[in-house]
Amino acid sequence: NPIEVLNIFNFAISDIGVYSLSSSLTNKNLTTLCLFNNNLLPNDIVMLVNGIKNKHNLYDLDIRNNNVGKKGAMALADYLETNTSLQYPELMATQIETEGAYALAESLKHNTTLSDIYTSNNLFGVLGVIAFAKSLEYNNTLSSLIMNEDARARGENEMTRCLERN
């Protein structure tokens, strides 16, 4: 039987491991890819995204507790903008800062398949939270946006205002 769920966590896989994994993701039945806590770096995330961008049945991607950073967030944003299958990206504690948050938020304006997105424990800042809030005005498929950023009053007020209109 083909593998549907692949869990590789706490292995600290190297860039060679990510390259091997990304280039071998041909299993058409893979629906869940869990790579949390593997010390992945932004370039690793870019390789991973290149490996999954043609996986039209992957609906859960868990890359929490890795270093996605700006470069990885930009690659994920490009992927999410045209994605037609991924519903549950788990991006908690991935060292995404404001610029990466903005790119991800912009991709939500065009995405029609995401159901839940988990972004807690990142470094979005007020402007990143505001970008996510504004993206909710355009996205009507997202049912959960989980974040616990230090949004301060301005970000929280913008989030509230946008949620009232969604």
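Positions are given from 1, in the same order as the sequence printed here. All values derive from a computational prediction rather than experimental measurement. What you see below is based on every heavy atom in this structure, not just the backbone, and it leaves out hydrogens, waters and symmetry mates.
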Between [X] and [Y], a side-chain donor and acceptor under 3.5 Å:
| X | Y | result |
| --- | --- | --- |
| Asn43 | Lys71 | yes |
| Asn37 | Asn10 | yes |
| Thr113 | Asn83 | yes |
| Asp60 | Thr31 | no |
| Asn67 | Thr94 | no |
| Thr141 | Asn139 | yes |

Once rounded to the nearest 0.5 Å, what's the spacing between atom [atom1] of [X] and atom [atom2] of [Y]?
| X | Y | atom1 | atom2 | value |
| --- | --- | --- | --- | --- |
| Ser85 | Tyr59 | OG | OH | 11.0 Å |
| Ser22 | Asp44 | OG | CG | 8.5 Å |
| Asn121 | Asn65 | CG | CG | 8.5 Å |
| Ile146 | Ser120 | CD1 | OG | 6.5 Å |
| Met47 | Leu40 | CE | CG | 9.0 Å |
| Ile45 | Asn50 | CD1 | CG | 11.5 Å |

[X] side chain vs [Y] backbone, donor-acceptor pair below 3.5 Å:
| X | Y | result |
| --- | --- | --- |
| Ser115 | Gln87 | no |
| Ser107 | Leu76 | no |
| Asn38 | Phe11 | yes |
| Asn111 | Leu108 | no |

Any idea which heavy atoms bring [X] and [Y] closest together, and the distance?
| X | Y | value |
| --- | --- | --- |
| Asn66 | Phe36 | ND2-CA, 3.8 Å |
| Leu91 | Asn122 | O-ND2, 2.9 Å |
| Tyr88 | Asp116 | CE2-OD2, 3.1 Å |
| Leu33 | Leu58 | N-CD1, 3.8 Å |
| Tyr102 | Ala131 | CD1-CB, 3.5 Å |
| Ala101 | Phe132 | O-CE1, 3.5 Å |

Using side-chain heavy atoms (C-beta onward) and a distance below 4.5 Å, is [X] in contact with [Y]?
| X | Y | result |
| --- | --- | --- |
| Leu123 | Thr98 | no |
| Pro89 | Leu114 | yes |
| Thr119 | Met92 | no |
| Thr82 | His110 | no |
| Leu41 | Asp15 | no |
| Ile96 | Phe124 | yes |
| Leu6 | Leu30 | yes |

In this structure, would [X] and [Y] fall into the same cluster of hydrophobic residues linked by side-chain contacts under 4.5 Å?
| X | Y | value |
| --- | --- | --- |
| Leu104 | Tyr79 | yes |
| Val46 | Ile16 | no |
| Leu80 | Leu142 | yes |
| Leu86 | Ile3 | yes |
| Ile63 | Ile8 | yes |

Legend entry - Verdict with reasoning, Leu48 to Leu35, per side-chain contact (heavy atoms from CB on, under 4.5 Å): CA-CA 10 Å; Leu48 178 65; Leu35 296 172; 3.7 Å; yes
Inset, instruction - State whether Glu137 and Lys134 are salt-bridged, where the test is any N-O pair (Lys NZ or Arg NE/NH1/NH2 against Asp/Glu carboxylate O) under 4.0 Å. - result: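 No salt bridge links Glu137 with Lys134.
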Legend entry - Residue Glu99 excluded, over 12 heavy atoms near CD under 6.0 Å: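 Not more than 12 within 6.0 Å, no.
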Inset, instruction - Could you tell me whether Tyr19 atom OH has more than 12 heavy atoms of other residues or ligands within 6.0 Å of it? - result: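 No, the 6.0 Å shell around OH holds no more than 12 heavy atoms from other groups.
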